[in-house]
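A short worksheet on the structure shown next.
These numbers come from a predicted model, not from an experiment. Sequence positions, counted from 1, serve as the residue numbers for this chain. Counting starts at 1 for both ligands and their atoms, in listed order.
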Amino acid sequence: MRSPAEARVDLDAIAHNIALLRERAGGAAVMAMVKAEAYGHGLAPAARAALAGGATWLGVAKVAEALRLRAEGVAGVPILVCIGVPGEPYGELIAQDVDVTAGSAVLLAEVAAAARAAGRPARVHLKADTGMSRGGAGPADWPALVDAALAAEAEGTVRVAGIMSHLACADEPEHPANDAQHKVFTELLAHAERAGLRPEVRHLANSAAILTRPDAHYDLVRPGIATYGLTPVPQIGGFGLRPAMTLAAETALVKRVPAGSGVSYGHTYTTEAETTLAVVPAGYGDGVPRHGSNLLEVLAGGRRRRIAGRVCMDQFVIDLGDDRLAAGEEVLLFGPGDRGEPTAQDWADALGTISYEVVTRIGPRVPRVYTGRLAAAERGEGNGDGRQA
Ligand SMILES: *Cc1c(COP(=O)(O)O)cnc(C)c1O
């Protein structure tokens with residue numbers, strides 16, 4: 001290992017997950033959601049792995065993410081920026097063939113103006129607020145958005161490529177909001193179609209809805225967390241998804257200390273007897289939550305050990321008791337779980353959060369090391385398990 005801590009990303013797992021989701025989605029196309037650095041997995045490599053697995057669209061949250069994908073050579077595939085924000089460089093997005101989302105007539109007008117200046121129509125997905133009360137036009141504002149879109153289409157500045165919405169409670173399949181939102185989406189779609197819009201794709205489903213709501217797949221599905229092998233509904237199951245990320249570190253130092261030694265800032269952990277401590281060089285500056293002090297487990301020397309004392313910015317300590325471990329030996333913080341290490345879901349459960357946050361917060365200081373056959377192919381090599389920081 002060249003770096004004291006690294007995030008190994010199995011690109012074959014991403015391709016596997018997309019293939020699995022594609023099958024679950026029946027005939028719907030798959031837009032792999034690669035926002036936020038592909039949930040921490042690395043934007044362009046994860047995007048290419050998803051395309052290898054059968055995704056035919058990519059989705060991001062921010063304009064800069066879409067432009068980076070294009071700059072890093074991801075071409076010939078539609079990319080959608082899912083959040084519409086005023087003041088973005090829409091001309092550049094149009095020039096780079098990036099689809100944009102508009103959830104208001106005001107934003108649509110801004111996009112149309114950029115298209116007029118660019119001399120080329122913008123591809124727009126109209127966003128309906130079907131009950132999440134976040135982005136998008138609600139039923140009261142929907143007719144005005146549809147009318148504005150029809151006028152812009154007539155003018156040649158906008159092509160309505162899609163109509164979309166987003167579910168608030170898909171991770172609770174029994175929640176009544178799912179049916180309610182689905183019904184509103186159907187009504188708003190019907191209105192748009194009656195008015196004369198002919199979107200290429202209608203889309204609603206995130207990972208949870210792909211796996212639990214076959215009636216909500218429409219033409220296109222938008223898996224995020226499941227792309228990376230983490231289940232959106234841990235209470236239901238893992239669905240054969242393969243977690244792609246393993247967070248690993250090498251012990252920096254192993255030493256014996258006497259009974260009664262206070263460990264790390266604030267001495268929130270004290271050794272009960274003479275014991276062996278190991279220092280692990282990953283901290284909250286790398287995305288190990290400080291909230292996980294004295295709480296999170298890692299795999300070291302073949303056993304689960306709890307973090308002893310506070311997580312520091314750059315390191316934390318584990319108590320090995322009388323077990324032996326050399327400096328430089330591998331510690332697995334989380335991963336698929338097949339070697340006995342915790343999963344990102346285990347960390348999320350301990351922290352009272354969701355696996356999304358665990359993987360997404362792994363910071364830029366941690367090199368991503370791509371593994372698997374796809375990683376080797378990307379480097380033009382014959383076998384997997386290579387490195388690319
Ligand atoms: C992030 C996002 C998704 C993916 O959600 P998951 O729960 O991670 O599958 C889908 N659609 C939109 C609009 C998103 O922003």
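- Checked by distance only, ligand 1 and S207 come closer than 3.5 Å through their nitrogen or oxygen atoms.
- Separating the CZ atom in R8 from the OH atom in Y370 is a distance of 14.0 Å, to the nearest 0.5 Å.
- The pair R159-E153 counts as a salt bridge, with a side-chain nitrogen and a carboxylate oxygen less than 4.0 angstrom apart.
- Counting non-hydrogen atoms of neighbouring residues, nucleotides and ligands closer than 6.0 angstrom, the CD atom of Q235 exceeds 12 such neighbours.
- For atom 11 (N) of ligand 1, the closest non-hydrogen atom on the protein side is R222 NE, 2.7 Å.
- Only the side chain of H166 comes within 4.0 Å of ligand 1, counting heavy atoms alone; its backbone N, CA, C and O stay farther away.
- Between I225 and ligand 1, an N or O atom pair is found at a separation short of 3.5 Å.
- In terms of protein heavy-atom proximity, atom 8 (O) of ligand 1 is closest to Y39 OH, 2.6 Å.
- The nearest protein atom to atom 15 (O) of ligand 1, hydrogens excluded, is given as K35 NZ, 2.6 Å; this is a heavy-atom distance.
- The two residues D323 and R303 come nearest to each other via the heavy atoms OD2-NH1, 3.0 Å.
- At a 3.5 angstrom cut-off on N or O pairs, P223 does not count as close to ligand 1.
- In terms of N/O distances under 3.5 Å, ligand 1 is approached by Y356.
- Taking hydrophobic clusters as Ile, Leu, Val, Met, Phe, Trp and Tyr residues chained together by side-chain heavy-atom distances below 4.5 Å, V331 shares a cluster with L296.
- Using the six-membered ring where Trp is involved, H203 and W57 have ring planes that are tilted, between 30° and 60° apart.
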